[in-house]
Amino acid sequence: MTKRSLVMAGGGLKVAYQAGVLQVWLDEAGLTFDHADGASGGVFNLVQYCQGATGTEIADSWRDFPVLGSISLNWRQYLKLFASESLMTYDGFRERVLRGRWKLDWQKIRSSRKLGTFNAYNFSKNQLVTRTQDQIDEDYLVACVSLPMWFPPITIAGDRFIDAVYLTDANLMEAIARGADELWIIWTVSRKAVWKGGFINEYFQIIETSANGRLKLDLERIEANNAEIAAGRDGEFGRPIKVEMLAAEVPLHYLINFSSAGFTAAVEQGIADARAWCAAHGIPLKAPAQGRLLALTFQEVMQGPFALGAQEPEQGAQQGIAAATTMAMHASIRIDDLDRFLNEPAHAGSLSGTIDFAPFGAGIPSTAGIFNLLKSTGPHMKEFIYQLEFQHDGKAYYLDGRKYVRQQGELWKDTTTLYVTLHEGRDATGPVAGSGILTLGVSDFVGTLGTIRVHNARTPADSAAALERFGKFFLGELWDSYGIHLQKPD
């Protein structure tokens, strides 16, 4: 029979996302595993799994995580300056999270029938140590996540233990050694490969180097093994190894976070991604989401010079300025399923609103509309798409508006400039009737942010988390497009 290993890879506090995936894989998809491995932050979810928590209970343990209440600064060490052992300790985390919020029961964990392996590095003996759930306690668990400089090493039986991340953030070889034929990996370490300056950024980029480099080498070993077996030879592992991996960019920082809502947002992101992943892999969900879908709405007003007869937006803008003719679009955007919106490539929502254009009249209502946010349309191009259909004097018109977000463009201009073309008919294939350029001013932009509303949230915390997910998606995509720090316009 096929043996499966669940690999809960590290990722610091980004593993809140991993918990959301577990809710779907364990509870909604009903997947079972013969073995589970955890390294670095992944051990936080692994220990709850071994204790018998459901995927939903693990996910709930990260919702509204008390990030500030779990921090303990190592004040006494600060007096030592360059000889300081660590900036923080796990004292508060042990008391408020491990014993308080999560209520870890070590007798229950050590007697669990769920086989789990926990990885730490024995600095004193220079070796990776892997212990099963029946061999661990609170000290060893903390040792698995004790990052040098940030937290002090943990002394166990006279040896000093630290986080294993510099050797491995996912012990695939342990899973294979225990007979796994399938490795189900949840990976949250960033793979964007964008180098940022600053001590903290560079510290964690070193960790990304170690983690991603080790993972790549292990996956290459597995690929080579499978190729050998496919060619009729034995291969390194003597059997084919299947890898199922769900990897994501999670907007939480590995360690330094100040918003509890961000953890709820990461959990919900993991749930949404896992559901989409299961659908793509043909895995039915036994317990689909209950209740109404999270929705989000906002309003936006853009206006600028426009002229009938102009074939191109720049031409229409020039003619509109000369003739003092302007168009205004009052747009209402609705996203009926926020999870779907964030996960599908087109990021599509619905658009309604009104058009003001003096030759046609004011407040002309739309009859249909399409909205896309940061839809990828090329290797270095993403677009905001606003398309409205309306009627004037019994004739159909179609307004096609686009904002072009270029990798090396001007941030403020690209995100507040809408190039519009008016077509006769009910789509963008009809003859061009006019063109122009509509813009969004600073005060209008601030006003737009103030109109964002979340609908169907169960609690205020869920609403705040959904708002944060949408905001981080929007800003994160802009960051990816420009590769620079976002700045407010003058």
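In what follows, residues are counted from 1 in the order of the sequence shown. All values derive from a computational prediction rather than experimental measurement.
Looking at heavy atoms from C-beta onward, Leu98 lies in side-chain contact with Phe93 at the 4.5 angstrom threshold. Looking only at side-chain heavy atoms (C-beta outward), Pro251 and Arg469 stay at 4.5 Å or farther from each other.
The aromatic rings of Phe44 and Tyr90 lie perpendicular to each other, with more than 60° between the two planes, well past the 30° mark. Ring planes of His281 and Trp277: parallel class, angle under 30° (limits at 30 and 60°).
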Apply the test side chain to side chain contact (heavy atoms under 4.5 Å, CB included) to residues Met149 and Leu147: give CA-CA distance (whole Å), side-chain angles for both, the deciding distance (0.1 Å), then the verdict. CA-CA 6 Å; Met149 188 193 81; Leu147 279 179; over 6 Å; no
Where do Ile185 and Val243 land on the side chain to side chain contact (heavy atoms under 4.5 Å, CB included) test, with the steps shown first? CA-CA 8 Å; Ile185 307 168; Val243 175; 3.9 Å; yes
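Annotation for Phe298: atom CZ counts as buried by contact number, over 12 foreign heavy atoms lying within 6.0 Å. In the displayed structure, Lys375 atom NZ is contacted under 6.0 Å by at most 12 heavy atoms of other residues, nucleotides or ligands. The local environment of CD in Gln107 is sparse, with at most 12 non-hydrogen atoms from other residues, nucleotides or ligands closer than 6.0 Å. Shown here is Asn126, whose CG atom has more than 12 heavy atoms of other residues, nucleotides or ligands within 6.0 Å.
A donor-acceptor pair shorter than 3.5 Å can be found between the side chains of Asn171 and Asn119. No side-chain N or O of Gln133 forms a donor-acceptor pair with one of Tyr49 less than 3.5 Å apart.
Looking at Glu208 and Lys14, no side-chain N of the basic residue comes within less than 4.0 Å of a carboxylate O on the acidic one, giving no salt bridge. A salt bridge links Asp336 with Arg334: the distance from a Lys NZ or Arg NE/NH1/NH2 to an Asp or Glu carboxylate oxygen falls below 4.0 Å. Between Asp169 and Arg214 there is no salt bridge, since no side-chain N of the basic residue sits under 4.0 Å from a carboxylate O of the acidic one.
Scanning all heavy atoms of the two residues, the minimum distance from Asp159 to Ser124 falls at CA-OG, 3.4 Å. The two residues Pro152 and Thr89 have their closest heavy-atom pair at CD-CA, 4.2 Å. Of all heavy-atom pairs spanning Ala348 and Phe341, the tightest one is O-CD1, 3.3 Å. Smallest separation of non-hydrogen atoms from Leu46 and Ala36: CD1-CB, 3.6 Å. Pairing each heavy atom of Leu128 with each of Ala120, the nearest pair is CD1-O, 3.4 Å.
Screening Tyr203, Tyr17, Phe204 for a ring pair (Phe, Tyr, Trp, His ring centres under 6.0 Å) with Tyr254, the sole residue that qualifies is Phe204.
Listed by first and then second residue, the ring pair (Phe, Tyr, Trp, His ring centres under 6.0 Å) pairs involving residues 445-464 are Trp412-Phe445 (not counting sequence neighbours).
Qualifying side chain to side chain donor-acceptor pair (under 3.5 Å) partners for Arg94, counting only residues two or more places apart in sequence or in other chains: Glu138, Asp139.
Annotation: Phe371 is in aromatic contact with Tyr386 [ring centroid separation under 6.0 Å].
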